[in-house]
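In what follows, a structure is listed as structure tokens, so that the remarks can point back to it.
So that the names make sense, note that chain A is the first sequence line, chain B the second, and so on, each numbered from 1.
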There are 2 protein chains.
Amino acid sequence: MTIDVYLKKLKEDGFKITPKRKATIELFSKKKSYLSPQEVLEKLGNHFPGISSSTVYRILEELQDTGILIKIEHEDRQLYYFLCRMPDQHHHHFICRKCRRIEEVELCNLKELERFISKNLNCKVENHSVRLEGLCSHCK
Amino acid sequence: MTIDVYLKKLKEDGFKITPKRKATIELFSKKKSYLSPQEVLEKLGNHFPGISSSTVYRILEELQDTGILIKIEHEDRQLYYFLCRMPDQHHHHFICRKCRRIEEVELCNLKELERFISKNLNCKVENHSVRLEGLCSHCK
DNA sequence: AATATAAATCGAAACCATTTCGATTTAGGA
DNA sequence: TCCTAAATCGAAATGGTTTCGATTTATATT
Ligand SMILES: [Mn+2]
Ligand SMILES: [Mn+2]
Ligand SMILES: [Zn+2]
Ligand SMILES: [Zn+2]
């Protein structure tokens with residue numbers, strides 16, 4: 001539950017460890033769900049009054065480029081971010097529609113689906129993403 | 001390749017068959033790829049000079065509500081639509097990253113993944129979507 | 001064919017999350 | 001401590017999308 005691994009990742013990618021970046025990672029590490037840029041702005045505003053929204057947007061994008069955060073887009077067409085707990089492994093996400101909790105699922109059995117597409121449609125599958133939604137153990 | 005089945009669906013859902021709705025469906029039936037609202041506006045503008053963009057946005061949304069069009073959101077954060085060839089069946093989509101062609105894939109083998117999540121995470125999976133990207137048979 | 005009317009379209013403005021950019025401040029290496 | 005590229009600020013612009021009152025149209029009914 002330490003954020004050191006994320007700070008290390010940040011540094012490795014040539015980013016400076018600034019108070020705002022660190023606080024952003026800490027914020028997400030305490031959350032099990034995703035946050036909108038507005039929510040992040042609000043939370044960070046408690047520690048950094050007057051923080052610029054452009055700073056929040058930039059930090060969120062940098063952290064997602066580094067693989068620390070995952071970015072999703074909801075039906076409301078806005079961006080949301082959440083902390084990736086297995087950044088170096090291919091995996092998929094389950095999102096609780098009630099509490100917005102994220103569960104990361106390492107199981108991936110799409111080989112058959114990819115084989116089907118390669119064979120029947122003669123396509124080359126380069127990547128895929130699965131999005132699962134429902135109710136988590138706390139909400140169902 | 002007739003659009004009658006889509007017009008029927010429109011009528012069943014209580015929509016009037018207007019020239020612009022019909023032309024929109026015809027436009028998509030000739031395309032194998034997705035179109036942005038701007039592209040639709042441009043194409044429809046050939047037949048209906050001065051057509052309002054709000055009309056295009058509304059028609060696209062209605063057609064997607066009816067299941068005639070599928071709406072996706074790309075990394076550029078804009079909306080795109082394409083004609084669904086199997087509106088009454090659960091299926092997934094392969095998108096060619098070069099020519100934007102859409103292939104609809106009826107095979108779905110996510111039962112194992114859902115079972116894994118139900119069992120290990122104690123979650124209730126209500127729906128899922130798979131997005132596959134790569135190169136189609138024409139582009140690879 | 002004419003009428004009625006709810007639905008569809010227009011058009012222009014508003015919306016608002018996100019992006020841009022030049023000025024200022026800061027983290028961290030030398 | 002100094003230096004400098006990186007980070008942050010802040011205010012304005014951006015632009016795809018939505019809104020809404022006025023006008024037009026599709027289609028069921030007479
Ligand atoms: Mn996978
Ligand atoms: Mn499926
Ligand atoms: Zn939940
Ligand atoms: Zn292609």
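Cluster annotation: A/Phe116 is connected to B/Leu110 through the hydrophobic network of ILVMFWY side chains, with a link wherever side-chain heavy atoms come within less than 4.5 Å.
Here the C1' atom of nucleotide D/dA7 and the CD atom of A/Glu62 are 8 Å apart, to the nearest Å. To the nearest angstrom, C1' of D/dA28 lies 15 Å from CD1 of B/Ile17. Rounded to whole angstrom, the span from the CZ atom of A/Phe48 across to the C1' atom of C/dT26 amounts to 13 Å. The OH-P distance, from A/Tyr80 to C/dA17, rounds to 10 Å in whole Å. Rounded to whole Å, atom P of C/dT18 lies 13 Å from atom CD of A/Gln64. The distance between atom CG of B/Asp65 and atom C1' of C/dA7, rounded to the nearest whole Å, is 16 Å. Between the CG atom of A/Leu60 and the C1' atom of C/dA17 there is a distance of 13 Å, given to the nearest Å. Between the CG atom of B/Leu10 and the C1' atom of D/dA26 there is a distance of 13 Å, rounded to whole Å.
Closest-nucleotide positions on DNA chain D for B/Ser54 and B/Pro19 were compared, and the one nearer the 5' end corresponds to B/Ser54.
With C/dA8, D/dA11, C/dC10 as the candidates, the nucleotide lying closest to the side chain of B/Phe15 is C/dA8. The listed nucleotides are C/dA6, D/dT8, C/dA12; the one nearest the side chain of B/Lys16 is C/dA6. Comparing D/dT17, C/dT18, D/dC9 against the side chain of B/Pro37 picks out D/dT17 as the nearest. Ranking D/dG10, C/dA27, C/dA12 by closeness to the A/Thr18 side chain, first place goes to C/dA27.
Looking at A/Ser52, its side chain does come within 3.5 Å of a backbone N or O of A/Ser54 through a donor-acceptor pair. Side-chain atoms of A/Thr55 never come within 3.5 Å of backbone atoms of A/Ile51 as a donor-acceptor pair (strictly under, hydrogens ignored).
No close placement of the A/Tyr34 and A/Phe82 rings is indicated, their centers lying 6.0 Å or farther apart. Aromatic rings from A/His93 and B/His128 are positioned such that their centres are separated by 6.0 Å or more.
Regarding contacts with the backbone of D/dT27, every side-chain N or O of B/Lys11 stays at 4.0 angstrom or more from both OP1 and OP2. Taking only side-chain nitrogens and oxygens, B/Thr55 comes nearer than 4.0 Å to OP1 or OP2 of C/dC10. The phosphate of C/dT9 has OP1 or OP2 within less than 4.0 Å of a side-chain N or O from B/Arg58.
Screening A/Glu61, A/Glu39, A/Gln64 for a side chain to side chain donor-acceptor pair (under 3.5 Å) involving A/Tyr81 leaves a single residue, A/Glu61.
Between the side chains of B/Glu73 and B/Gln78, no donor N or O sits under 3.5 Å from an acceptor N or O.
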Nucleotide N/O of nucleotides 14-16 of chain D paired with protein N/O under 3.5 Å:
residue: D/dG16; atom: OP2; partner: B/Gln38; partner atom: NE2; Å: 3.4
residue: D/dG16; atom: O5'; partner: B/Gln38; partner atom: NE2; Å: 3.1

